[in-house]
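Following: one structure in structure tokens, then a few remarks.
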Amino acid sequence: MTLNGMIDGAPSTAPAQTTPTVALFVTCLVDLFRPSVGFAAIKLLEDAGCKVVVPASQTCCGQPAYNSGDREDTKAIARHVIETFEAYDYVVAPSGSCGSTLKKHYPELFANDPAWHERAVRFSQKVHELVSFLTDVRGVTEVDAALPATVTYHDSCSGLRELGIREQPRQLLRTVEGLTLTELPEADVCCGFGGTFCVKYPDVSNAIVGKKTKHIASTGADMLLAGDLGCLMNIDGKLKRENNGIEVRHVAEVLAGMTDKPPIGGKL
Amino acid sequence: MQITSQTFKANTVKALADVDLQRALRHVEKGFIGKRQKAADALPEFDALRDNAVEIKNHTLKHLDLYIEAYVAKVEASGGKVHFAEDADHARRIFLDIAKRRKAKTVTKGKTMISEEIGLNAFLEENGIVPVETDLGEYIIQLRGEHPSHIIAPAVHINRDQVEADFRKFHVHLDPERDLVRPETLLSEARQILRQKYGEADIGVTGANFLIAETGTSVIVTNEGNGDLTQLLGKCHVVLASLEKIVPTLEDTAQILRVLARSATGQEMSVYTTLSTGPKRTEDEDGPEEYHVILLDNGRSGMLGTEFEDMLRCIRCGACMNHCPVYHAVGGHSYGWVYPGPMGAVLTPSLIGVDKAGHLPNASTFCGRCEAVCPMRIPLPKMMRHWREKEFESHLQPKAARAGLGVWAYLARRPKLYRAAVSYAMPALKLLAGRKGRFRSLPLAGGWTKWRDLPAPEGRTFMQAYAQSGHGDPK
């Protein structure tokens, strides 16, 4: 099965009857810092009836180059990603930021290159962020997981504003047994990560994440979740510096019921 | 005005440590966002109106030469005069010619950002002419010798207490025991002083939110009514406007007005929307004897047909900065020139050069909130990225950052080499972190660890762990 669910080049939103093959775009941060998120993604995708493959030659989506103005290197990286992933039914990333780069920005990157543009557009139609793929494409309405904790959720910017991810993670979190979801004030405001921004302008970034951690503390939650590891590492780093013991995890870990490992930045 | 965009980083450090400023900035976050949201939610066709407004401006920009020509003809038919100003210096000279001819001593001014762009106040003072700002915010910062920190709320960086102190310091002819606690009393004191100035003025200067080609009309939107008094009671009305303010018709203006105030302050309409067409006619009871428009280019025509053309749709509502986490943190003065926030980060490099303003398009997290609320749907992050591309092409970025990026990009394009490198690096990094699971400091990561801990990696990379997990080899 190679074109399951594809009608006129666009993926169907109805749950597929057969087993689609999903290529996992691990993302460089998950690969390097938090492999647990990759394994959680695999479990969630398999539970949703997908066959998961992990293309070995993947590195990164190219955002660091793209957002630094290095368009040529970005294009080279993008061409490699497209070549590596375009044959699969779906491409899924546990990140709204990387997912959006693949889905929204690659076509734009090749705006002046008709052949690659067409290829990038076709590729982009297969790309999804993990949680919204589960709910919107696979029709998942509940997960098989338990966590007796109060959690709060931060909406990462690219996922929220470029991919429209807001309700999907909340909807699935509410089905985690024992979990209470409490809303984070100003959940839709940036955490100050911004990729290289946080090291180029550390003082400004710090002021922004400082507001975020105040809001997080105000919820009284035991755990902060989000769908992007960059934001999570930034927020966790600030919470730890403030000696705030709240646990920080990627939402996929909780949805997959894989919270046995220490949280991000936690003691081993 | 002096450009300090080059020292953006130092500016932000100062701003972050400024207690009064930080207190004032909270009002931006708390005040504007909810009001805009409420106004947008209350109008079901808000997004359709935005699309309309975008279309109007795109159409106008495509035929800007024709509309400017039509506009000029109409202004002249109504007895006014349009002066083309290529740059700031040219605009100032045109103004001085008018002022000299009219033997002007005092100039009252409604709110205009073009005046800031051409540095009019300092120039007038050098030439022995007294400029009097009549917008309350502008009046306050003129007293303080400052520049606007926000395009629609120029004194948003100042607290009430500071205004009270300034009024006591400068309004020495008033009773020192007077009660100035409530903001309304501050307002009425300023109003009392300014009311005397309007009639005395030789020239009244305003900006323009729109210049209507169909009728030769300039339009201002204000909340205090000071603009009306400035342009009606002065003997000569001079409009300062940049050329992208042109719109084809009155109907187009009405369309864009519906998104302007809602996006800016959350009002359905500003309190005053005032249309001016030419000088006083013989049958009019009052109005200025002369009506001039100084139409400023200052680099804008160079943006037409480039990747920055969309920026010329901007209607200066301020929604982008009102929703910007960076603006909220550091305020408008940190940006170092006239236009702050996301719109400034795109426009400033166009007007003063990316060599001077290179920090601005970089100082964004690309969170996208500005684009999401921009009534003219200007793709601000995308255009900031274009500026970064220009900087990259011209080697304007810091050398160390470029070198680091180069190494990373080299590896990212070579999966086998990348894999080998990270397979050694990440387990080593984990060992280095020890049982704490995080770093308080780490060589070469000072930008990160200055204010935050760095979470340690789990150890093996995902790819290593996956290969050993029995899932089978990665493909």
Side-chain angles (χ1 to χ4, degrees), chain A residues 26 30-36 38-39 42 53-60 62 64-71 73 76-77 80 157-158 161-162 189-190 192-209 233-234 236-238 240-241 261-262 264-268, chain B residues 9 12-13 16 325-326 328-330 362-369 371-372 382 385 387-393 397 401 405 408-409 411-413 415-416 418-419 422 426 435-438 445 447-458 460-463 465-466 469 471 473-475:
Chain A
V26 180
V30 166
D31 179 38
L32 303 182
F33 280 89
R34 193 80 183 156
S36 301
F39 289 106
I42 291 175
V53 293
V54 181
S57 76
Q58 57 182 301
T59 58
C60 169
Y66 186 48
N67 289 342
S68 301
D70 179 358
R71 211 174 167 91
D73 273 321
I77 293 167
H80 173 70
C157 296
S158 306
R161 277 180 276 272
E162 296 185 18
V189 176
C190 181
F193 172 62
T196 54
F197 170 85
C198 72
V199 290
K200 278 193 291 187
Y201 301 97
D203 301 306
V204 185
S205 175
N206 173 56
I208 300 173
V209 72
M233 289 174 65
N234 178 45
D236 178 71
K238 184 66 182 171
K240 293 286 190 300
R241 188 61 62 93
K261 287 224 172 151
I264 293 168
K267 284 196 178 117
L268 302 182
Chain B
K9 266 193 179 185
T12 61
V13 171
L16 288 164
V326 175
H328 291 162
V330 302
N362 280 284
S364 162
T365 66
F366 281 169
C367 80
R369 226 177 167 200
E371 182 177 356
K382 179 174 148 185
R385 192 182 289 108
W387 276 123
R388 297 183 191 185
E389 285 164 5
K390 300 259 180 222
E391 289 177 85
F392 187 83
E393 286 161 17
Q397 289 150 326
L405 179 72
W408 170 86
L411 287 172
R413 294 173 60 174
K416 283 193 179 131
Y418 176 91
R419 197 48 55 204
V422 298
M426 300 325 281
R435 296 187 54 81
K436 276 205 321 281
R438 59 199 159 97
W448 182 284
T449 56
K450 181 176 179 189
W451 298 108
R452 307 161 269 240
D453 289 0
L454 179 68
E458 287 182 345
R460 289 177 306 177
T461 65
F462 173 80
M463 287 301 194
Y466 182 77
S469 67
H471 275 86
D473 281 338
K475 303 227 162 36

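Fair warning: this is a prediction, and the values are worked out from it, not measured in the lab. Below, read A as the first sequence line, B as the second, and so on, with proteins coming before strands; counting in each chain starts at 1. Note that these values count all heavy atoms, side chains included, but never hydrogens, waters or copies made by symmetry.
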Would you please say whether a donor-acceptor pair under 3.5 Å links the side chains of A:Ser36 and B:Glu458?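 Short answer, yes.
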
Any side-chain donor near an acceptor of the partner, A:Asn234 and B:Arg452, under 3.5 Å: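 Side-chain D/A pair, A:Asn234 to B:Arg452: present.
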
Are [X] and [Y] packed together at the side-chain level, in the sense that at least one heavy-atom pair is separated by less than 4.5 angstrom?
X	Y	result
A:Val189	B:Arg369	yes
B:Glu393	A:Arg71	no
A:Ile42	B:Tyr466	yes
B:Phe366	A:Asn67	yes

Can you say whether [X] sits under 4.5 Å from chain B via the side chain, the backbone, both, or neither, judging by heavy atoms?
X	value
A:Asp236	side chain
A:Phe33	both
A:Arg34	both
A:Val26	side chain
A:Cys60	side chain

Which residues satisfy the side chain to side chain donor-acceptor pair (under 3.5 Å) test with A:Tyr66, sequence neighbours excluded?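 Scan of A:Tyr66 (side chain to side chain donor-acceptor pair (under 3.5 Å), adjacent residues dropped) gives A:His105, B:Arg385.
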
Not counting sequence neighbours, which residues clear side chain to side chain donor-acceptor pair (under 3.5 Å) with A:Asp31? List them please.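 A:Asp31 satisfies side chain to side chain donor-acceptor pair (under 3.5 Å) with B:Arg419 once adjacent residues are dropped.
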
For the residue pair [X] and [Y], what are the closest heavy atoms and their distance?
X	Y	result
A:His80	B:Pro415	NE2-CG, 3.5 Å
A:Pro64	B:Leu405	O-CD1, 3.7 Å
B:Gly447	A:Pro202	O-CB, 3.2 Å
B:Ala329	A:Ile208	CB-CG1, 4.3 Å
A:Ile77	B:Ala412	CD1-CB, 3.9 Å

If we define contacts as heavy-atom pairs under 4.5 Å, which of [options] has the most with chain B?
options	result
A:Ala76, A:Pro262, A:Ser158	A:Ala76
A:Cys198, A:Ala207, A:Gly192, A:Gly62	A:Cys198
A:Leu32, A:Val204, A:Asp73	A:Leu32

Rounded at 0.5 Å granularity, tell me how far CD in B:Gln397 sits from CG in A:Asp70.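 Rounded to the nearest 0.5 Å, the CD-CG separation comes to 8.5 Å.
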
Between atom CD of B:Glu371 and atom CD of A:Glu162, what is the distance when rounded to the nearest 0.5 Å?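 The distance works out to 8.0 Å.
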
Can you tell me which portion of [X] sits under 4.5 Å from chain A's heavy atoms? Options are side chain, backbone, both or neither.
X	result
B:Lys416	neither
B:Val326	both
B:Thr449	both

Please work out which of the three classes, parallel, tilted or perpendicular, describes the rings of B:Trp448 and A:Phe193, given edges at 30° and 60°.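 Judged by the thresholds at 30° and 60°, the geometry between A:Phe193 and B:Trp448 is perpendicular.
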
For chain A, the option from B:Trp451, B:Tyr418, B:Phe392, B:Trp387 that forms the most heavy-atom pairs under 4.5 Å: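 If we count pairs closer than 4.5 Å to chain A, B:Trp451 comes out on top.
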
Would you call A:Asp203 and B:Lys450 a salt bridge, taking side-chain N to carboxylate O under 4.0 Å as the test?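 Judged by the 4.0 Å cut-off on N to carboxylate O distance, A:Asp203 and B:Lys450 do form a salt bridge.
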
B:Thr365 (side chain) donor-acceptor with A:Gly194 (main chain) under 3.5 angstrom: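 No; judged by distance alone, with no hydrogens or angles, the pair does not exist.
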
Does A:Arg161 reach the main-chain N or O of B:Cys367 with its side chain, forming a donor-acceptor pair under 3.5 Å?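 Between the backbone of B:Cys367 and the side chain of A:Arg161 there is a qualifying donor-acceptor contact (under 3.5 Å).
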
